[in-house]
Amino acid sequence: MTSFTRRRFLQQATTAGAACSANLIFGRFSSAQTPASGANASTRVYLDSRRTLPPLDRNLFGSFLEHLGRAIYGGIYEPGSKLSDSNGFRKDVLDEVQHLGVPIIRYPGGNFVSGYHWQNGVGPKKGRPRVLEKAWDSIETNQFGTNEFMAWCRLAGAAPLMGLNLGTGTPEQAAALVEYCNVEKGTRWSDLRREHGIAEPHRVQHWCLGNEMDGPWQIGHMSATEYGLKAADAARQMRYVDHGVKLVACGSSGPFMPTYLEWDREVLEQCYDYVDGLSLHRYFGNARETNGDTAKYLAMNLSMERQIAETAAVCDYVQGRKRSAKKLWLSFDEWNVSYRTTSGDAVDGKRQESPHLLEEVYNLEDALLVGGLINSLLRNSDRVKVACLAQLVNVIAPIVTNSNGLLRQSIFYPYSWALQFARGAAVNLLVESPQYEVPGMDHVPYVDVAATYNAESKDFSVFVLNRDLSKARELEFLWEGSAPSRVVESQTLTGDDLKALNSFEAPQRVAPRPFEKPSTSGMRTRFEAPPRSYSIIQWSS
């Protein structure tokens, strides 16, 4: 594999508070959490349907597919498989994604996109070139490209979030792809699409202006000022083609970068007027940053919130400097747990077609943190409008395939709960939780709570992470206004073995199970969250 790719993943594995002091990251409570007296005290949660954030953008629960490993080939696309349709799309995966209701999917990368020429992946398949894919040292056949992805998205019911090559690519080439995708007819690139058998335009709304351009591992890596000017030029040219596109500038790759936040500021000084959002990326691991300390690992979602707050502050600083009326939103378009598959064969494509790369195996512990990360996204949904679990199939993914079917990994379940139950708007909660201490992390609440309220259906959905590794935690919900009348759903993800994982031989080792529905008396609801658990409770009026 190439040296910059290896370096990138070694750096990502040390993401947590390396760039910020632990006190800055963890010395606070997310949302409105305040300490409760006594380590054994109940957690009190105050819920008021009148105190909500702006309506949730469904794109908060998106995902990601990159031409990396078996994400595309062998993941969603496998011609000749007994499980594929006439287009070569894996029917079992497509059905699963349809059932999940994934709203938006980022494509085609990732590191891959910075060396990708989209014209190689359109037109008759027999004429598409086989190329050396430099980011992952693999062979790219180009048998799956832009039009195949758009067709798959339509079947899956997902919108595309298209990544653009601003590494080796040019602003002119970026605008050409917008023309190919979004103009109906009568121009060079729209007529080429029609020659390729696609009469109707794809009408792609969301576009990423490059990927992790601050990273020395990135093909076409450049300085912040260089990238900001290139992104501004690309944005202007793209808007000349389609005024309605929504454009995401490339933010810092994470707090581990020495240029973290300063990169964002310099980039936005150049392109703020031309973009709508700024990207964030983060991968969390129970390795170097926590040394295998589960109590610390399960609090890592608080550092995600710190990253969101810091990045939003930079956006607002530049907004003030420019005296702009426009407020940028954030696109957390890569986030997940990833720490086992960061070196050696796990990231070395060895110049093969669709090699097995970054095929992370997730356990219960990982699923609990993913639940916490979802809670953090919900609490920040007023600013984060797009977020993508990276990735969707096979590569650091909730879904894994083999020749006979698919497997739901442990992290599948908190992600599916967010898609199913988080509706309406996030509730601005007041949470009083007992705390625990972990060296280097100050005080952390045992119980992490997020909630949504759907005004149309009058449903409350509450997501509870119990970080206590040894005992159940009592929760008391105090309802303001009126209490809901019945519990619609009550499930938990827990177990005695934090290292338990699912496999094709034992696919249900880590899976949700029902627990006793909480009872409400007057304006109070009490129940216990199991130790080491992530739970969903939905009430309806």
Side-chain angles (χ1 to χ4, degrees), residues 63-81 84-90 93-94 97 104-136 138-156 158-170 172-183 188-208 210-211 219 238 349 353-355 391-395:
S63 193
F64 178 28
L65 283 167
E66 181 174 359
H67 282 252
L68 160 58
R70 297 192 307 124
I72 302 296
Y73 305 107
I76 67 169
Y77 180 72
E78 194 172 7
S81 167
S84 297
D85 64 15
S86 59
N87 295 311
F89 301 153
R90 283 278 298 241
V93 175
L94 193 56
V97 177
I104 193 167
I105 297 176
R106 184 169 173 245
Y107 172 89
N111 290 353
F112 170 84
V113 78
S114 293
Y116 178 58
H117 296 287
W118 65 266
Q119 293 177 59
N120 289 341
V122 297
K125 291 188 177 184
K126 64 181 180 180
R128 298 184 191 180
R130 289 169 54 88
V131 300
L132 174 61
E133 199 286 295
K134 301 181 184 72
W136 301 105
S138 304
I139 299 299
E140 172 56 53
T141 66
N142 284 302
Q143 293 302 289
F144 188 98
T146 299
N147 292 321
E148 287 80 19
F149 178 66
M150 298 300 172
W152 186 87
C153 280
R154 282 192 293 274
L155 292 172
L161 170 59
M162 288 295 288
L164 292 162
N165 178 358
L166 289 192
T168 62
T170 66
E172 184 179 18
Q173 290 168 339
L177 180 56
V178 176
E179 184 181 321
Y180 183 90
C181 288
N182 287 9
V183 174
R188 175 187 177 183
W189 298 110
S190 64
D191 286 348
L192 180 63
R193 185 198 69 245
R194 295 171 72 88
E195 288 177 19
H196 294 160
I198 313 296
E200 293 299 316
H202 298 307
R203 297 186 176 89
V204 179
Q205 270 199 311
H206 292 82
W207 300 81
C208 292
N211 176 76
I219 297 172
M238 293 166 71
E353 292 182 24
S354 55
Q391 294 187 20
L392 184 59
V393 184
N394 287 332
V395 174

K.L.:
Less than 4.5 Å apart, side chain to side chain, heavy atoms only: is that true for V113 and L164?
P.N.:
no
K.L.:
State, with a plain yes or no, whether a side-chain heavy atom of E66 is found less than 4.5 Å away from one of V395.
P.N.:
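Side chain of E66 against side chain of V395, heavy atoms only: no contact under 4.5 Å found.
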K.L.:
Under the rule for salt bridge (charged side-chain N to carboxylate O under 4.0 Å, His left out), what residues qualify as partners of E353, not counting sequence neighbours?
P.N.:
R130
K.L.:
State, to 0.1 Å, how close G75 and V93 come at their nearest heavy-atom pair, and which atoms those are.
P.N.:
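Distance-wise, the nearest heavy atoms are O-CG2, 3.4 Å.
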K.L.:
State the CZ-CD1 distance between F144 and I76, to the nearest 0.5 angstrom.
P.N.:
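Nearest 0.5 Å value for the CZ-CD1 distance: 3.5 Å.
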K.L.:
Calculate, to the nearest 0.5 Å, the distance between atoms CE and CD1 belonging to M150 and I198 respectively.
P.N.:
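That separation rounds to 10.5 Å.
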K.L.:
Looking only at non-hydrogen atoms, find the nearest pair between W189 and E179 and report the distance.
P.N.:
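What the structure gives for the nearest pair is N-OE2, 3.0 Å.
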K.L.:
Just verifying a value: how many Å separate Y107 OH and T146 OG1, rounded to the nearest 0.5 Å?
P.N.:
5.5 Å
K.L.:
Between L68 and W136, is any pair of side-chain heavy atoms under 4.5 Å apart?
P.N.:
yes
K.L.:
Tell me whether N165 contacts the main-chain N or O of Y116 through its side chain, where contact means a donor paired with an acceptor under 3.5 Å.
P.N.:
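Indeed, once roles are kept as given, a pair shorter than 3.5 Å links the two residues.
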K.L.:
For residues I72 and S354, determine if any side-chain heavy atom of one lies less than 4.5 Å from a side-chain heavy atom of the other.
P.N.:
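Counting from C-beta outward, I72 and S354 never come under 4.5 Å.
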K.L.:
Distance from Q391 atom CD to I105 atom CD1, nearest 0.5 Å?
P.N.:
11.0 Å
K.L.:
Please report the closest heavy-atom contact between Q143 and E140, naming both atoms and the distance.
P.N.:
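Q143 and E140 have their closest heavy atoms at N-OE2, 4.4 Å.
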K.L.:
Side chains of W118 and C181: closer than 4.5 Å at any heavy-atom pair?
P.N.:
no
K.L.:
Would you give the length of the straight line joining atom OG1 of T168 to atom CD of Q173, rounded to the nearest 0.5 angstrom?
P.N.:
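Reported to 0.5 Å precision, the distance equals 7.5 Å.
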K.L.:
Identify, with sequence neighbours excluded, every residue that meets side chain to side chain contact (heavy atoms under 4.5 Å, CB included) alongside S84.
P.N.:
E78, S81, R90
K.L.:
Using a distance-only test with no angle check, is there a side-chain donor-acceptor pair under 3.5 angstrom linking R128 and N142?
P.N.:
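Side chains of R128 and N142: no pair found under 3.5 Å.
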K.L.:
I'd like to know if the side chain of R193 reaches the main chain of Y180, judged simply by a donor and an acceptor atom lying under 3.5 Å from each other, with no hydrogens or angles considered.
P.N.:
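Present.
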K.L.:
Under 3.5 Å, side chain of N182 to main-chain N/O of V204, donor-acceptor pair present?
P.N.:
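Such a contact is found between N182 side chain and V204 backbone.
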K.L.:
Could you tell me if the side chain of F149 sits less than 4.5 Å from the side chain of P160, heavy atoms only?
P.N.:
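Sidechains of F149 and P160: in contact.
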K.L.:
Taking atom types as modelled and ignoring hydrogens, do the side chains of H67 and E133 form a donor-acceptor contact shorter than 3.5 angstrom?
P.N.:
no
K.L.:
Taking all non-hydrogen atoms of both residues into account, name the closest pair between S138 and P355 and its distance.
P.N.:
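Looking at all heavy atoms of both residues, the shortest contact is OG-CG, 3.7 Å.
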K.L.:
Could you give the distance from CG (N111) to CD1 (I219), rounded to the nearest 0.5 Å?
P.N.:
7.5 Å
